[in-house]
**Q** 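First the structure, then my questions, so here it is.
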Amino acid sequence: KNPQGITLWQERKAALIHEGKLISAVFDRVHVIPGQSATVIDYKTNDCSLEHLKELYQGQMDLYRIAVAKLCGLTPDKVRCVLVHVRAGAIVEC
């Protein structure tokens, strides 16, 4: 934790049940402001367009949003998910 109350998860593993299915995840980075919001940051090194990157990983990010919301006691709309396209030096909102 830091003085601003933000919690940082790095390479954190998690597993939980959602709608009868196991969600297993390793979060690259998550910034959590307890009781308020969270941001999931996932780094990708794919050699593809930003649009294709989003297509490839939107499902994963949707599950990560649900998992982080449950783990942090937030509603899913309070969890922002972004992909960092390392090769393009850009971020993609999911």
Side-chain angles (χ1 to χ4, degrees):
K1 276 194 168 186
N2 64 29
Q4 290 79 30
I6 297 172
T7 301
L8 173 64
W9 303 349
Q10 287 182 221
E11 295 295 324
R12 182 169 176 178
K13 294 180 182 179
L16 61 119
I17 302 294
H18 174 69
E19 296 180 353
K21 295 180 182 174
L22 176 68
I23 299 175
S24 180
V26 178
F27 303 108
D28 288 349
R29 188 175 182 99
V30 181
H31 296 196
V32 181
I33 302 174
Q36 294 181 35
S37 64
T39 301
V40 178
I41 302 166
D42 205 54
Y43 297 91
K44 301 298 183 190
T45 58
N46 303 55
D47 189 13
C48 64
S49 69
L50 298 178
E51 295 78 17
H52 190 222
L53 194 75
K54 183 172 180 169
E55 287 174 19
L56 289 172
Y57 293 103
Q58 184 67 58
Q60 176 188 355
M61 292 296 97
D62 291 344
L63 290 176
Y64 278 15
R65 177 176 285 109
I66 291 164
V68 169
K70 285 188 175 217
L71 291 167
C72 295
L74 299 168
T75 56
D77 65 307
K78 299 291 184 188
V79 180
R80 177 183 178 214
C81 292
V82 297
L83 298 170
V84 176
H85 191 306
V86 175
R87 292 175 189 260
I91 64 168
V92 179
E93 294 277 346
C94 289

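Predicted, not measured: the structure shown is a model, and the values here were computed from it.
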**Q** Can you name the closest pair of heavy atoms from G35 and L74 and give their distance?
**A**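 Closest heavy-atom pair between G35 and L74: C-CD2, 3.8 Å.
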
**Q** Give the intermediate values and the outcome of side chain to side chain donor-acceptor pair (under 3.5 Å) for residues R29 and H31.
**A** CA-CA 7 Å; R29 188 175 182 99; H31 296 196; 3.0 Å; yes

**Q** Does the side chain of R80 reach to within under 4.5 Å of the side chain of E93, using non-hydrogen atoms?
**A**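 Yes. Closest side-chain heavy atoms under 4.5 Å.
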
**Q** In Å, rounded to the nearest 0.5 Å, how long is the span from NZ of K44 to CG of L53?
**A** 7.5 Å

**Q** What distance separates Y57 OH from D62 CG, expressed to the nearest 0.5 Å?
**A**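 So the gap between those two atoms works out to 14.5 Å.
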
**Q** Counting C-beta onward and ignoring hydrogens, is there a side-chain heavy-atom pair between W9 and V68 closer than 4.5 Å?
**A**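 W9 reaches V68 side chain to side chain.
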
**Q** Measure from the side-chain N and O atoms of R12 to the backbone N and O of F27, and report whether any donor-acceptor pair falls under 3.5 Å.
**A**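 Flag not set: sc R12 to bb F27 has no pair under 3.5 Å.
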
**Q** Could you list the residues that satisfy side-chain hydrogen bond (donor to acceptor under 3.5 Å, both in side chains) with D28, not counting sequence neighbours?
**A** none

**Q** Quick one: list whatever passes side-chain hydrogen bond (donor to acceptor under 3.5 Å, both in side chains) with H52, sequence neighbours left out.
**A** none

**Q** Is there a donor-acceptor contact under 3.5 Å from the side chain of H85 to the main chain of C48?
**A** yes

**Q** Can you name the salt bridge (Lys or Arg N to Asp or Glu O under 4.0 Å) partners of E11, sequence neighbours left out?
**A** none

**Q** In the single-linkage hydrophobic clustering (I, L, V, M, F, W, Y; side-chain heavy atoms under 4.5 Å), do L50 and L83 co-cluster?
**A**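 Yes, one cluster joins them.
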
